[in-house]
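Remember, it's a predicted structure, so these values are computed and weren't measured experimentally. Per chain, numbering begins at 1; letters A, B, ... match sequence-line order.
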2 protein chains.
Amino acid sequence: MGTIGSEQCKSGCGVERTLQVLDGKWATLVVRELMPGPKRFTELRSVLGMPSAKTLTDRLRALEHQGILTRTVHAEVPPRVVYELTGQGRSLNSVLMAMLAWGEENPAPVAVR
Amino acid sequence: MGTIGSEQCKSGCGVERTLQVLDGKWATLVVRELMPGPKRFTELRSVLGMPSAKTLTDRLRALEHQGILTRTVHAEVPPRVVYELTGQGRSLNSVLMAMLAWGEENPAPVAVR
DNA sequence: CAGAATCCACTTCGATACTG
DNA sequence: CAGTATCGAAGTGGATTCTG
């Protein structure tokens, strides 16, 4: 198996598709947090350290529309909304594991200068 | 092998580190294009379809400072500048392959609307 | 050719206030 | 609790012009 490159992977290839889903600075982290299991809105917000609810809502909606996660509203008081990865969402685990492995083996450079 | 998650991966983990490097919408694509071998500035620009030189310059500088690629200036006329992945940069191949595989197996949803 | 510099458009993100 | 609505700040990308 060789390296990736434009020969096997021109514009519109799988890498671009993945980038569409794991877009922006939060999407990847949201998916990571949901990987072990469903979580609630506030739970996600506090774990990810997101100060604003708006951004999280936007990211969750985008991922929902892309079929990565589902949003379930429990009609209770107080309301409880649970986000859970779909099969497609869970399949992103392989990508996250690759990112995790690379990050662990390649810490930040000694000096950024 | 389990799934990824905050239990094994709190803030500051490898995933975040990888996201620092593959940041924005161009970094990943630049690394992908350089994976098969060195390329010149204009070559990268045309293959990636980047209309503006500024953005490409910014991305290349960022990746250079992070130790992902090297910039070599050949003192010729016309000048020739070649960008090449470092060992660390080439090691990102595993991440790109994971992204490629996921994207191939998970095309865009039936309707994005 | 490979940029640097400048200006501008768009998106993303955050803070605040309010609602079912 | 889990949002929505609105505003504004910030970052990123693009177009243009100029230079060694």
Side-chain angles (χ1 to χ4, degrees), chain A residues 11-12 15-16 18-34 37-66 68-85 112, chain B residues 11 15-16 18-34 37-66 68-85 112-113:
Chain A
S11 59
V15 174
E16 260 106 354
T18 306
L19 288 176
Q20 279 176 13
V21 173
L22 299 182
D23 186 42
K25 104 177 160 192
W26 294 112
T28 305
L29 298 176
V30 168
V31 172
R32 183 193 71 186
E33 288 307 322
L34 291 179
K39 278 196 175 63
R40 301 172 59 172
F41 186 87
T42 303
E43 199 175 355
L44 278 172
R45 190 174 161 187
S46 81
V47 170
L48 292 174
M50 299 181 78
S52 171
K54 176 180 168 295
T55 304
L56 181 55
T57 301
D58 291 347
R59 292 302 102 203
L60 287 171
R61 289 287 184 275
L63 290 169
E64 183 187 2
H65 291 151
Q66 283 171 316
I68 303 303
L69 54 80
T70 58
R71 175 173 178 271
T72 307
V73 181
H74 296 265
E76 306 169 356
V77 177
R80 185 164 57 94
V81 179
V82 173
Y83 293 90
E84 182 171 14
L85 291 179
V112 183
Chain B
S11 59
V15 174
E16 260 107 354
T18 306
L19 288 176
Q20 279 175 13
V21 173
L22 299 182
D23 186 42
K25 107 178 158 190
W26 293 112
T28 305
L29 299 176
V30 168
V31 171
R32 184 194 71 186
E33 288 307 323
L34 291 178
K39 277 196 176 63
R40 301 173 58 173
F41 185 87
T42 304
E43 200 175 355
L44 278 172
R45 190 175 161 186
S46 81
V47 170
L48 292 174
M50 300 181 77
S52 171
K54 175 181 168 294
T55 305
L56 181 55
T57 300
D58 291 347
R59 291 302 103 203
L60 287 171
R61 290 285 185 277
L63 290 170
E64 183 188 0
H65 290 152
Q66 283 171 315
I68 302 303
L69 54 80
T70 59
R71 176 173 178 270
T72 306
V73 181
H74 297 265
E76 305 169 357
V77 176
R80 186 164 56 94
V81 179
V82 172
Y83 293 90
E84 181 171 14
L85 291 179
V112 181
R113 286 228 50 195

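Phosphate contact (OP1/OP2 of C/dC1, side-chain N/O of B/Y83, threshold under 4.0 Å): absent. Checking the phosphate oxygens (OP1, OP2) of D/dG14, a side-chain nitrogen or oxygen of B/T55 falls inside 4.0 Å. When the side-chain nitrogen and oxygen atoms of B/R71 are compared with OP1 and OP2 of C/dA2, none of them lie within a distance under 4.0 Å. Within the structure, every side-chain polar atom (N or O) of B/W26 is placed at least 4.0 Å from both OP1 and OP2 of D/dG11.
Between the CZ atom in B/R32 and the CG atom in B/L48 there is a gap of 7.0 Å [rounded to 0.5 Å].
Going from atom CD of B/E76 over to atom P of D/dG20 covers 20 Å, rounded to whole Å. Protein atom CG of A/D58 is 9 Å distant from nucleotide atom P of D/dT4, rounded to whole Å. We find that CZ of A/R61 is positioned 11 Å from P of D/dA5, with the value rounded to whole Å. Atom-to-atom, CE of A/M50 to P of C/dA15 comes out at 11 Å; the value is rounded to the nearest Å. Atoms CG (B/L19) and P (D/dG11) sit 18 Å apart, rounded to a whole Å. Atom-to-atom, CZ of A/R80 to P of D/dA2 comes out at 9 Å; the value is rounded to the nearest Å. Distance A/L29 CG to C/dT12 P: 16 Å, rounded to the nearest Å. Distance CG (A/L56) to C1' (D/dG3): 10 Å, rounded to an integer number of Å.
In this structure, the side chain of B/Q20 does not engage the main chain of B/Q66 through any donor-acceptor pair within 3.5 Å.
Of all heavy-atom pairs between A/A27 and A/V21, the closest is CB-O, 3.7 Å. Contact detail for A/Y83 and A/L34: the closest heavy-atom pair is O-CD2, 3.5 Å. B/L56 and B/M50 make their closest contact through N-CE, 3.6 Å (heavy atoms, listed as atom of the first residue, atom of the second, distance).
Ranking D/dA15, C/dG3, D/dC1 by closeness to the A/R40 side chain, first place goes to D/dC1. The side chain of B/K54 approaches C/dT6 more closely than any other nucleotide in the set C/dG3, C/dT6, D/dT12.
Both A/P51 and B/T42 sit near DNA chain C, but only B/T42 has its closest nucleotide nearer the 5' end. The 5' end of DNA chain C is approached more closely, in terms of each residue's nearest nucleotide, by B/P78 than by the other of A/G49 and B/P78.
Looking at heavy-atom distances under 4.0 Å, A/P79 makes contact with a base. As judged by a 4.0 angstrom heavy-atom cut-off over every strand, A/K25 is placed among residues touching the sugar-phosphate backbone only. Within the 4.0 angstrom heavy-atom criterion, no nucleotide atom of any strand lies near A/R45.
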